[in-house]
Amino acid sequence: MTKPSILLLRACLALLAMPIYLLSFLGIWEPFCKKIFFPFLLEKLSTVHERKAKKHKQELFHNLPDFRSPSGELKLLEIGTGCGSNFPFYPPGCRVTCTDINPNFQQGLLRSMSKNQHVQYERFLVARGEDLHQVPSGSVDAVVCTLVLCSVQDVNGTLREVLRVLRPGGVFYFLEHVAADRSSWRYFWQQVCYPTWKLVFDGCCLTREIWKNLEQASFSQLSLRHVSMVLPWTPIEPHVMGYAVK
């Protein structure tokens, strides 16, 4: 598991993906990926991932109703909503504001909304996790972020925005894939796949140790645990899940 072997295998993988690298060089790949390829692929992959994540999400969101505001409302902001795979786990009457940097998930999102009418959908914002300026400070009871911190440009900046928009006593829920143990073969393959994976999957990083960012953020309470969810034919397995209170 030496650095030269990683570089050699990266080059082999890049050779196999040469058409994508060429399209990227010509400036064609990114708009095609964001508008057509990634929304289609994410919806297909989400179906596989959700089968494995269902029990974990049921456990993760079971105490979400406990964080209603004193008025009884539950205002929730979801960062990186994608195709809306979390909607089935939200309590009835929950008022959801959806955000995503990519506005091209609309078809999948509308299908998910129609299947989950127990939730009140407030609005959809095109926004980066690091810049939620359209959302007033202290205005939401809960923020949800699943399989998103792997692709934001600045994890710490995103967590600062989460803390800003949450009311005091509000909660942040997360479920993210993370780097494997550095001595493992899976980490070796994560390093090999990293550059090509990031290009193909619209900025997704395989080797982030997101639990460290969460531990260093200014939450008053953090409940975090490491879990295993294998995504077949990929180097993804270790995840972190839990919630943090402002």
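Residue numbers run from 1 in the order of the sequence given. Note that the coordinates shown come from a computational prediction; the quantities given were computed from them, not determined experimentally.
Clustering ILVMFWY residues whenever any of their side-chain heavy atoms sit less than 4.5 angstrom apart, transitively, puts V144 in a cluster other than the one holding F219. Placement of F172 and L132 within a single hydrophobic cluster is found when ILVMFWY residues are connected by side-chain heavy-atom separations under 4.5 Å, directly or transitively. Hydrophobic clustering keeps W233 apart from L16 (ILVMFWY residues linked when any side-chain heavy atoms are closer than 4.5 Å, directly or through intermediates). V152 and Y194 fall into different hydrophobic clusters, defined by Ile, Leu, Val, Met, Phe, Trp and Tyr side-chain heavy atoms under 4.5 Å apart, directly or through other members.
For the residue pair Q190/T207, the side-chain donor-acceptor check at 3.5 Å is not satisfied. There is no side-chain donor-acceptor pair under 3.5 Å between N104 and K34. With 3.5 Å as the limit, one finds no donor-acceptor pair spanning the side chains of N116 and Y121. With no hydrogens or angles considered, no side-chain donor-acceptor pair links S151 and D202 at under 3.5 Å. Between the side chains of T146 and Y173, no donor-acceptor pair of N or O atoms lies under 3.5 Å.
Taking the six-membered ring for Trp, W29 and F37 have ring centres closer than 6.0 Å.
Between the side chain of E176 and the backbone N or O of V240 there is no donor-acceptor pair closer than 3.5 Å. Formation of a donor-acceptor pair under 3.5 Å by the T196 side chain with backbone atoms of C193 is not found in this model. Between the side chain of E130 and the backbone N or O of Q153, at least one donor-acceptor pair lies under 3.5 Å. In this structure a side-chain-to-backbone donor-acceptor pair under 3.5 Å is missing from K246 to G169. No side-chain donor-acceptor contact under 3.5 Å links R160 to the backbone of S218. Remark: side-chain polar atoms of S184 are paired, donor with acceptor, to backbone N or O of Y187 under 3.5 angstrom.
Ion pairing between a basic and an acidic side chain is recognised when a charged N comes within 4.0 Å of a carboxylate O; D141 and R167 show such pairing. For the pair E59 and R225, the salt-bridge criterion is met [side-chain N within less than 4.0 Å of a carboxylate O]. For the pair R95 and E73, the salt-bridge criterion is met [side-chain N within less than 4.0 Å of a carboxylate O]. Salt bridge absent: K75 and E122 never bring a charged side-chain N and a carboxylate O closer than 4.0 Å. With salt bridges taken as basic N to acidic carboxylate O contacts below 4.0 Å, one links R164 and E161. A salt bridge links R182 and E209; the closest N-O separation between the charged side-chain nitrogens and carboxylate oxygens is under 4.0 Å.
Going from atom CD of E78 over to atom SG of C94 covers 9.5 Å, rounded to the nearest 0.5 Å.
Considering only heavy atoms from C-beta on, W197 comes within 4.5 Å of T234 through its side chain. With contacts defined as side-chain heavy-atom distances shorter than 4.5 Å, the pair I20/L199 qualifies.
Considering N213, L149, V148 in turn, L149 is the only one that fulfils the side-chain contact (heavy atoms from CB on, under 4.5 Å) rule with T158.
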TODO: Check step by step if side-chain contact (heavy atoms from CB on, under 4.5 Å) holds for V143 and L166.
DONE: CA-CA 7 Å; V143 176; L166 279 174; 3.7 Å; yes
- [ ] Decide side-chain contact (heavy atoms from CB on, under 4.5 Å) for V126 and N102; before the verdict, give the C-alpha distance in whole Å, the side-chain angles of both, and the deciding distance to 0.1 Å.
- [x] CA-CA 7 Å; V126 178; N102 188 340; over 6 Å; no
TODO: Begin with the C-alpha distance, continue with both residues' side-chain angles, and end with the deciding distance and a verdict on side-chain contact (heavy atoms from CB on, under 4.5 Å) for I6 and W189.
DONE: CA-CA 8 Å; I6 290 172; W189 286 110; over 6 Å; no
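Summarising the local packing, CD of Q58 is surrounded by more than 12 heavy atoms from other residues, nucleotides or ligands at distances under 6.0 Å.
Ring pair W211/H226 is perpendicular by interplanar angle, where above 60° counts as perpendicular and below 30° as parallel. Note: F38 and F105 have perpendicular aromatic rings, judged against thresholds of 30 and 60 degrees for the angle between ring planes.
The two residues A244 and F174 make their nearest non-hydrogen contact at N-CE2, 4.3 Å. Among all heavy-atom pairs drawn from P39 and I36, the shortest one is CD-O, 3.6 Å.
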